[in-house]
Participant: 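Encoded as structure tokens, here's the structure I'll be asking about.
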Amino acid sequence: MPDTTMSRRSFLKTAAATGAFAAATGAFASNFTAVDPALAADANEEKIIHTACRACIIDCGAIVTVRNGKVVKIEGDPGDPINAGRMCAKGLAGIQALYNPNRLKYPMRRAGERGENKWERISWEEAINTIADAMWELYQKDDPMQLLLSCGGGGNPTRIMCPPRFLNAFGGGNFFEPGCAQCYLPRSNGMPLVNGMNDTSIADGAVLEMFFDTTKACVLWGTDPSQSNVAAGGRAMSNLRKNGCKTVVIDPRFTPDAAKADVWLPIRPGTDVALMLAWIRYILDNKLYDADFVMKWTNLPYLVNEETKLTYRASELGLGGDDEYVVWDKKTQAPAAMPFPWNDELDPELDGEFEVNGAKSRTAYRALWEACQDYTLEKAAEICWLDAAKIEEAIKVYVEGAPAAGISLGVPTDQYVAASDGPAGAAILDIIMGNINRKGSWVQKRPSGPPGIAQPWDSGGFNEKVPELCVPAHQQAAKLGYIEHKGLEAWHASHIPTILEAVRTGKPYKPKVWIDFSGNKPIMMGNAAGFIDDMRNNIELAVHCYMYPTTTSVEMADIILPTSEWLECAYIAYRMNKVVVRQPCVNLYEAIDNHMIYSWLAKALADRGHPGCQLTFADPFPDPNYGGYWKTYDEYKEWLAGQADMKVLHKGLSWDELAAASPIEFMPMDEWRDNYYETFLQIDEKTGKPKGFNTQSKKCEPYAEGFTVMGRTGGRFGHDHCGNVQPPASVDYEPLPRYEEPAESPLTDEEYPYVLTSGRVPMYHHGTLRNIPWLREIYPVPECWINPVTAAENGIQDGDWVKIESRRGATHGKAVLTEGVAPGVVAQERFWNPELLDSDDPSQAWKAMNVNVLTKNDPPYNSVYGSYTLRGFTVKISKSEKPEGVWEKPEEFTPWLPEYSEATGGGYAVYDAGEANYA
């Protein structure tokens with residue numbers, strides 16, 4: 001194949017030559033084989049395809065019209081029970097994303113220095129072999145832990161659990177995802193650790209009770225579903241309010257949900273836990289909690305061993321077995337063993353301090369009260385910049401709705417040092433109010449398929465189900481930052497700042513090969529400039545797999561691999577009581593489904609003799625329910641069909657049959673909705689006792705000793721996912737939430753006197769879609785929300801360009817003067833500018849308007865999850881000028897308008913990974 005070398009100026013221009021490239025003639029045709037006739041469209045052929053959107057993480061059901069082989073229409077699917085025919089701007093922009101002229105169309109290799117933006121085209125075979133050779137060298141000569149995989153950034157890229165699955169097969173390595181410890185992991189892991197059920201993220205689909213109009217009161221704590229989850233959660237919130245549900249919104253910004261709320265609390269960013277502690281104290285002091293639930297279904301009556309920080313087991317005091325806990329019995333004025341679930345002969349004290357074996361012991365309730373005793377409403381108002389009367393009003397709205405009430409905790413607390421304290425505080429509030437597993441409450445646990453059957457693609461790899469590929473203890477302990485921040489193991493991840501330190505210093509070892517399956521890392525990572533410097537200057541081979549060129553490609557990558565848009569992918573989405581099949585509507589260019597890149601790399605390594613990768617292609621695979629990797633995309637789709645059919649109809653459906661029947665109901669809605677209330681009271685056939693909750697005590701654990709156990713052993717049950725017991729972290733994880741003033745505080749910082757927060761807008765998801773012309777026309781540049789008082793202090797008028805500075809760097813936004821943020825607060829969404837990739841300084845694409853130029857990734861970190869600070873840090877602002885080259889007018893986005901391409905086959909038309917040619 002002749003080399004096709006592209007300069008910086010021609011990079012996007014060449015990518016934009018869609019029509020000529022689609023013809024696949026001359027040198028540009030050398031990497032293609034003939035398209036399967038089944039993929040070619042007959043004249044005037046029209047297909048209506050039921051699929052699932054992936055413009056964000058929600059998976060809304062969609063109906064796609066394909067005419068003459070081209071996608072011509074996208075609309076919501078009324079058969080989807082969650083979005084019910086609605087779609088947001090992101091999903092409706094799918095055609096613009098699919099046919100965007102800047103799509104990456106074939107693999108490319110860097111032809112100059114990193115950052116020069118010079119590239120040459122290569123084949124898939126050459127790309128896979130180059131990467132596999134580097135990985136094979138790591139495996140043979142150095143250390144497999146030096147492999148680094150990453151994903152994330154929103155939208156279509158590979159599911160979070162795919163990289164750990166590959167690392168298990170490879171025999172080591174580290175995985176990171178910017179939205180892990182900083183977005184959702186602390187809630188998805190921390191809240192179930194406390195309540196024994198589920199988290200309460202609306203955007204991630206945990207709060208499905210909101211769709212049934214059964215909730216009487218809800219608190220949107222740092223979440224804005226009417227803006228970030230429009231077609232699903234936003235629709236549900238509208239219906240709830242229409243049907244009388246009272247709402248409280250706790251958010252520094254006057255969001256659309258705040259505008260409709262009964263009470264809005266514009267909290268100072270970074271102070272959420274102080275407010276949570278005040279709510280807990282108020283409810284306890286005024287005895288507003290559900291006394292029966294607290295006594296019988298929580299660990300608050302249990303006595304605490306002050307030395308171990310754990311609740312006493314009866315065996316420690318010679319009172320009973322290891323599975324019994326200890327209460328203080330009023331009748332005998334002595335400690336007594338409490339069997340599960342309850343002993344009516346005992347009369348336990350809920351609140352008190354006693355002497356047990358010559359030592360002080362409090363009830364867990366007393367420990368909780370003492371943790372929040374300093375946080376009166378007045379104190380919280382002072383810390384959080386709120387009005388005490390408004391705080392009380394908000395609490396009363398929440399309390400009066402119980403138990404048909406709930407708190408949905410959004411992302412902000414994940415992005416502070418309080419990443420474990422926030423989820424614990426919110427979970428405690430719902431627990432003490434009895435808002436757990438009752439009709440109308442937002443803490444539920446319903447099946448995403450018939451109970452007892454896992455989703456293998458989300459299983460975290462081969463850890464639990466395939467012992468032959470289970471991660472050994474020493475390999476797990478070698479993950480960077482894991483021992484100190486063991487909560488990361490819930491997603492099998494490593495600690496990002498520790499990874500960067502290892503990349504920079506080579507200690508304890510140096511990651512050498514980095515493969516990224518995501519969009520634009522500098523837009524999503526804290527302290528973006530430091531991240532780029534570390535990765536660009538120290539990684540030996542960097543591979544970027546995505547749909548478009550981004551700053552990750554230009555600044556850091558050596559090889560770029562084109563991946564599929566959601567309209568070209570196969571996957572399965574569970575939607576309440578239905579299964580929706582995401583299916584390829586067309587296949588363009590040489591764009592490949594992320595899953596197949598993993599498979600091709602595994603196959604290339606297997607061919608080189610790698611034993612773990614060879615096992616992933618074993619037939620039969622050690623666990624038939626989980627399966628290994630796939631040689632062809634058809635094989636992958638049939639495996640998906642087999643897994644989904646096992647969960648749905650049990651009829652042996654092929655992929656084509658399953659796709660044709662989508663969406664498919666696997667359980668009647670009434671059964672799915674009603675049969676899973678109060679499951680903790682259902683009798684376990686094996687024990688003859690209630691099932692309880694998924695904790696050590698089988699009760700909700702507001703005194704969250706599971707955190708402490710995790711820090712000492714690797715898991716809340718005393719071991720990690722593989723059954724390994726790890727050495728303890730250097731600092732104990734505390735069982736109760738605590739408030740700490742942010743490390744950078746506007747209360748003491750004279751040089752940087754304002755505090756910055758962020759938040760999602762409905763046009764974009766994380767770092768995606770800034771190259772979509774219609775979305776950019778709606779929201780062309782990031783709005784910087786400033787209170788008029790703050791603006792006047794800095795001579796800023798509405799519509800001015802402003803410079804925002806922190807101790808890490810400076811960036812820009814366009815001022816919107818509004819009382820929708822409090823004085824002293826600045827709010828701006830993340831942003832980047834694809835139009836600047838082809839400028840004289842491509843780095844401006846991530847510098848000009850990116851708030852992650854400002855954010856922190858240095859200590860302090862959250863002890864459990866290692867979360868660093870993306871919100872609630874200090875900044876200063878000043879009037880500025882518009883950054884050079886930034887597009888703002890609608891006509892400027894004309895070069896990005898969609899250009900139809902013929903269906904050239906995509907994953908069916910390229911590199912033969914094994915036994916069958918894709919054509």
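All values reported here derive from a predicted model rather than from experimental measurement.
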Participant: Considering only NZ, NE, NH1 and NH2 on the basic side and carboxylate oxygens on the acidic side, decide whether Glu705 and Lys309 come within less than 4.0 Å.
Facilitator: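 No, no charged N to carboxylate O under 4.0 Å.
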
Participant: Determine whether the aromatic ring centres of Trp279 and Tyr398 lie less than 6.0 Å apart.
Facilitator: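 Between Trp279 and Tyr398, the centre distance is under 6.0 Å.
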
Participant: Got Phe211 and Met576 here, is their nearest side-chain heavy-atom distance under 4.5 Å?
Facilitator: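 SC-SC contact between Phe211 and Met576 confirmed.
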
Participant: What's the shortest heavy-atom distance between Ala404 and Asn435, and which atoms?
Facilitator: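 So the two residues come closest at N-OD1, 4.3 Å.
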
Participant: Any ion pair linking Glu316 and Arg313 (charged N to carboxylate O, less than 4.0 Å)?
Facilitator: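 Judged by the 4.0 Å cut-off on N to carboxylate O distance, Arg313 and Glu316 do not form a salt bridge.
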
Participant: Heavy-atom count around Glu671 CD within 6.0 Å, excluding the residue itself: above 12?
Facilitator: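 Yes, the 6.0 Å shell around CD holds more than 12 heavy atoms from other groups.
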
Participant: State plainly whether the residues Asp199 and Lys445 are in salt-bridge range, i.e. N to O under 4.0 Å.
Facilitator: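 A salt bridge is absent here (no side-chain N lies under 4.0 Å from a carboxylate O).
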
Participant: Please confirm whether Arg673 makes a cation-pi placement over Phe212, using NZ or CZ under 6.0 Å from the six-membered ring centre and within 45° of the ring normal.
Facilitator: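 Yes - Arg673 lies over the ring of Phe212, closer than 6.0 Å to its centre and within 45° of its axis.
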
Participant: Do the side chains of Asp374 and Lys379 get close enough for a salt bridge, i.e. N-O under 4.0 angstrom?
Facilitator: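 Result for this pair is no, no salt bridge flagged.
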
Participant: To the nearest 0.5 Å, tell me how far His485 NE2 sits from Ser420 OG.
Facilitator: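 The OG atom of Ser420 is 11.0 Å from NE2 of His485, to the nearest 0.5 Å.
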
Participant: Shortest non-hydrogen contact from Asp421 to Asn862?
Facilitator: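 So the minimum-distance heavy-atom pair works out to OD2-ND2, 4.1 Å.
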
Participant: Taking side chain as C-beta onward, heavy atoms only, is Gln476 less than 4.5 Å from Glu489?
Facilitator: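 Side-chain contact under 4.5 Å: yes.
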
Participant: State, yes or no, whether a side-chain contact exists between Asn198 and Gln444 at a heavy-atom distance under 4.5 Å.
Facilitator: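 They are not in contact (no side-chain heavy atoms under 4.5 Å apart), so the answer is no.
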
Participant: Test of understanding: with ring pair (Phe, Tyr, Trp, His ring centres under 6.0 Å), list the residues that count as partners of Tyr325, not counting sequence neighbours.
Facilitator: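 Here the qualifying residues are Tyr302.
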
Participant: What closest approach, in Å, do Met669 and Pro81 show between heavy atoms, and which atom pair accounts for it?
Facilitator: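 Reported closest heavy-atom pair: CE-CB, 3.8 Å.
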
Participant: Would you indicate whether the side-chain heavy atoms of Val399 and Ile283 approach each other to under 4.5 Å?
Facilitator: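 Side chain of Ile283 against side chain of Val399, heavy atoms only: contact under 4.5 Å found.
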
Participant: Answer whether the closest heavy-atom distance between the side chains of Val326 and Leu317 falls below 4.5 Å.
Facilitator: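 Yes, their side chains come closer than 4.5 Å.
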
Participant: Hey, is Arg366 close enough to Asp351 for a salt bridge, meaning N to O under 4.0 Å?
Facilitator: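 Result for this pair is yes, salt bridge flagged.
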
Participant: With a 4.0 Å cut-off on N to O distance, would you call Asp414 and Arg187 a salt bridge?
Facilitator: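 Yes, this pair counts.
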
Participant: Is any side-chain N of the basic residue among Lys439 and Glu678 closer than 4.0 Å to the acidic one's carboxylate O?
Facilitator: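 A salt bridge is absent here (no side-chain N lies under 4.0 Å from a carboxylate O).
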
Participant: Report the C-alpha separation of Asp80 and Arg575 in whole Å, then their side-chain angles, then the decisive distance to 0.1 Å, and conclude whether the salt bridge (charged side-chain N to carboxylate O under 4.0 Å, His left out) test is met.
Facilitator: CA-CA 7 Å; Asp80 186 298; Arg575 311 289 291 165; 2.7 Å; yes

Participant: Quick one: do the Asp322 and Ser315 side chains pair a donor with an acceptor below 3.5 Å?
Facilitator: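 There is such a pair (donor and acceptor under 3.5 Å, judged by atom type) between the side chains of Asp322 and Ser315.
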
Participant: Less than 6.0 angstrom from the centroid, inside 45 degrees of the normal: does Arg716 satisfy that with respect to the ring of Tyr733?
Facilitator: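 Not flagged: Arg716 not positioned over aromatic ring of Tyr733.
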
Participant: Are any of the side-chain nitrogens in Glu349 or Arg362 under 4.0 Å away from the carboxylate oxygens of its partner?
Facilitator: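 No.
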
Participant: Is the backbone of Asp720 close enough, under 3.5 Å, to the side chain of Asn724 for a donor and an acceptor to pair up by distance?
Facilitator: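 Absent.
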
Participant: May I have all residue pairs that pass ring-ring contact (aromatic ring centres under 6.0 Å, His included) and include part of residues 682-720, sequence neighbours excluded?
Facilitator: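 Residue pairs passing ring-ring contact (aromatic ring centres under 6.0 Å, His included), neighbours aside: Phe680-Phe693.
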
Participant: Might you point out which heavy atoms bring Thr413 and Pro423 nearest each other, and give the distance in Å?
Facilitator: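 Of all heavy-atom pairs spanning Thr413 and Pro423, the closest is OG1-CD, 4.1 Å.
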
Participant: Minimum heavy-atom separation for Leu193 and Thr695, please, with both atom names.
Facilitator: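 Heavy atoms only, the tightest pair is O-CG2, 4.0 Å.
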
Participant: Among all residues two or more places apart in sequence or in another chain, which pass the ring pair (Phe, Tyr, Trp, His ring centres under 6.0 Å) test with Trp369?
Facilitator: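 For Trp369, no residue satisfies ring pair (Phe, Tyr, Trp, His ring centres under 6.0 Å) once neighbours in sequence are set aside.
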
